[in-house]
Number of protein chains: 2
Amino acid sequence: MNNLGNTKKDNATENIALDEKDIAILQLLEEDAKMTIRDLAAKLNLSATPVYERIRKMEQAGVIRQYAAIVDPSKIDKALTVLCYISLKEHGKKAGTKFIKEITSFPEVMECLNISGQFDFMLKVQVKDMLAYHEFNVNKLGELDNIRHMESVFVMSVIKATHRVVY
Amino acid sequence: MNNLGNTKKDNATENIALDEKDIAILQLLEEDAKMTIRDLAAKLNLSATPVYERIRKMEQAGVIRQYAAIVDPSKIDKALTVLCYISLKEHGKKAGTKFIKEITSFPEVMECLNISGQFDFMLKVQVKDMLAYHEFNVNKLGELDNIRHMESVFVMSVIKATHRVVY
DNA sequence: TTTGAAACGGAACATTATTCTATACTGATA
DNA sequence: TATCAGTATAGAATAATGTTCCGTTTCAAA
């Protein structure tokens, strides 16, 4: 295993130029991060060294943010996905920061986006079932004091879900 | 690097029971898939062998679906995320399948969810900027013949985004 | 207490990542 | 055109890691 990893913590901000070979490497690693450097090299008609160096540079530049194992939610008894839309009463900086701090602390919240439109935030919540979502709603969201309005949209099936952003 | 990988293609459906050690392994690999088996073993007070075997079983059972390199969209000039809500004219099986096939073929579409509520689908679209989204809208979505209504919600900032589902 | 299956530890082995050095390439300059 | 500096590359050597093997332990059922 390469130890190029551990890119998670640092917020590298440098910008680097990516050529076609870098893009090709990214596309392959997005699909299978365990692909060996030699296999990557073979696909790109290169030797191991340049591929290794390119990956290292992209990790340090923050292009590759993380290597993650993707777990199937249904296999660990988290079969229900809910999109939860929230608008706040107070929109001041202080109130917003407080809300964000609270929301991000909930492990059920996989994603929290600040959005345009009638709502302020969209949460993607992953739970066991409807009962678990109800409890999340009452015991966690219900405890927050700055929520004006809330709306839940339930995910019936996942048609497509990818982490690939390079194309 | 372990070659336990390549879990992507197979839809393993077997269900296996996970104990606390398996959960601990999953949590660590969700954060850093490059962590070595020996490091994992040290954190769990185990030797390498049982950790290796547990990972292999979870891969074969489909609990670990994939190992992915996560790329920062802004670093590859894909800075705009849009949530695109779509309702169809025809909801028959044939029409639905056709729509799904077309939608999933667009690389800009990172995610497509079949949802409850007034819309049928939510798309998460990742593009360079507003102009690129406009072109996606006109040239790709605009070519589909089964769309009744459409609404775009723009992501202003990402407060939280994780792939961790194990907790 | 006995037995069998599963989990485990430690060492040996196989594969891969990583480093090192020399060479080939590229673009700019004179 | 010739020369130079910087970068990218290949190939071999080394270090680190994944993977297998085998004997031992654990633990629950009989």
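Per chain, numbering begins at 1; letters A, B, ... match sequence-line order. Quick note: numbers below take in every heavy atom, side chains included, and nothing from hydrogens, waters or symmetry partners.
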| query | Got a donor-acceptor pair under 3.5 Å from the side chain of T49(A) to the base of dG11(D)? | reply |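 Such a pair is found, so the answer is yes.
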
| request: If the plane angle is over 60° it's perpendicular, under 30° parallel, otherwise tilted; pick one for H163(B) and H163(A). | output: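 The rings of H163(B) and H163(A) stand perpendicular, inter-plane angle above 60°.
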
For atom [atom1] of [X] and atom [atom2] of [N], their distance in whole Å:
X	N	atom1	atom2	result
I25(B)	dA7(C)	CD1	C1'	12 Å
D19(B)	dC8(C)	CG	C1'	13 Å
Y52(B)	dA16(D)	OH	C1'	16 Å
L46(A)	dG11(D)	CG	P	11 Å
K21(B)	dT26(D)	NZ	C1'	10 Å
M35(B)	dA16(D)	CE	P	18 Å
I55(B)	dA7(C)	CD1	C1'	15 Å
L29(B)	dT17(D)	CG	P	15 Å

| message | Between R38(A) and P50(A), which residue's closest nucleotide on DNA chain D lies nearer the 5′ terminus? | response |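 The residue closer to the strand's 5' end, by nearest nucleotide, is P50(A).
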
| message | Working note: K89(A) + D120(A), criterion salt bridge (charged side-chain N to carboxylate O under 4.0 Å, His left out); need CA distance, chi angles, decisive distance, verdict. | response | CA-CA 10 Å; K89(A) 293 177 192 165; D120(A) 297 315; over 6 Å; no

| request: Please determine if a side-chain N or O atom of R54(A) lies less than 4.0 Å away from the OP1 or OP2 oxygen of dT9(D). | output: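 Answer yes for this pair, as a side-chain N or O of R54(A) is under 4.0 Å from OP1 or OP2.
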
| said: Looking at dG18(D), I'd like to know if its phosphate oxygens (OP1 or OP2) sit under 4.0 Å from a side-chain N or O belonging to K34(B). | reply: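 Checking K34(B) against dG18(D): no side-chain N or O falls below 4.0 Å of OP1 or OP2.
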
| request: Please check if atom NE2 in H134(A) has more than 12 non-hydrogen atoms from other residues, nucleotides or ligands closer than 6.0 Å. | output: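 At most 12 heavy atoms, drawn from other residues, nucleotides or ligands, come within 6.0 Å of this atom.
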
| message | Could you check whether Y67(A) and E59(A), counting side-chain N and O atoms only, form a donor-acceptor pair closer than 3.5 Å? | response |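 A donor-acceptor contact under 3.5 Å links the two side chains.
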
